[in-house]
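These notes are about the structure you will find just below.
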Amino acid sequence: TGVQTCALPIFALQGRRLPIATFRATINLVFCVSGIFTITAFLATDEVTWSSLRDCAVALPAMVVGAWIGFRIRGHFNEERSRRTVIGLLALAGLSAIGSVVFG
């Protein structure tokens, strides 16, 4: 699923114990490059529909707000707190994946 795909590079980078600034920059690059390849693949295979474009348009404001909030609060997270937050979010992603399998 999408959650599992997103969690894999985060899990791999977290295991390397990178400083949080390096971790943040690396994971942003990974997701940016993978997003470009994904969009290109969808366009090349005619998988882009009006419905998917509408979903993107709806999600875009939430993404902008989330990025703005992230920039505002990241100064409040030291290395340890950042690491614990990432591990907690990975745990939630894992529970979400399990829940989607169990509850369909």
Side-chain angles (χ1 to χ4, degrees):
T1 67
V3 170
Q4 294 163 330
T5 303
C6 289
L8 289 174
I10 297 169
F11 188 74
L13 287 173
Q14 184 64 30
R16 298 192 66 186
R17 311 278 292 166
L18 298 171
I20 196 62
T22 305
F23 173 82
R24 191 181 304 118
T26 304
I27 205 66
N28 280 327
L29 180 63
V30 167
F31 285 136
C32 181
V33 170
S34 68
I36 289 168
F37 280 111
T38 301
I39 290 169
T40 303
F42 280 140
L43 289 171
T45 59
D46 286 333
E47 293 291 324
V48 178
T49 64
W50 285 110
S51 174
S52 63
L53 291 174
R54 183 200 65 230
D55 293 345
C56 288
V58 169
L60 190 60
M63 185 183 74
V64 170
V65 169
W68 180 80
I69 291 170
F71 283 122
R72 301 276 302 175
I73 68 171
R74 74 178 179 184
H76 299 284
F77 284 74
N78 61 21
E79 292 289 325
E80 185 55 33
R81 188 174 186 189
S82 296
R83 212 168 295 291
R84 283 184 297 171
T85 301
V86 169
I87 295 296
L89 291 172
L90 283 171
L92 287 175
L95 289 173
S96 172
I98 292 168
S100 69
V101 169
V102 171
F103 299 110

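- In this structure, CG in L95 is found 11.0 Å from OG in S100, a value given to the nearest 0.5 Å.
- T49 pairs by the side chain to side chain donor-acceptor pair (under 3.5 Å) definition with S52, not counting sequence neighbours.
- Closest of all the heavy-atom pairs between V58 and P61 is O-CD, 3.3 Å.
- No donor-acceptor distance shorter than 3.5 angstrom exists from the side chain of E79 to the backbone of P19, with no hydrogens or angles considered.
- Rounded to the nearest 0.5 angstrom, T22 OG1 and I27 CD1 are separated by 12.5 Å.
- For the atom pair CH2 of W50 and CG of D55, the computed distance is 13.5 Å after rounding to the nearest 0.5 Å.
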Would you be so kind as to tabulate the donor-acceptor pairs closer than 3.5 Å made by side chains of residues 67-77, with sequence neighbours excluded?
none

Would you list the atom pairs, donor with acceptor, under 3.5 Å between side chains in residues 82-94 and any protein atom, with sequence neighbours excluded?
residue, atom, partner, partner atom, Å
S82, OG, N78, O, 2.8
R83, NH2, L18, O, 3.1
T85, OG1, R81, O, 2.8

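- Under the 4.5 Å side-chain heavy-atom criterion for Ile, Leu, Val, Met, Phe, Trp and Tyr, L53 and F42 are members of the same hydrophobic cluster.
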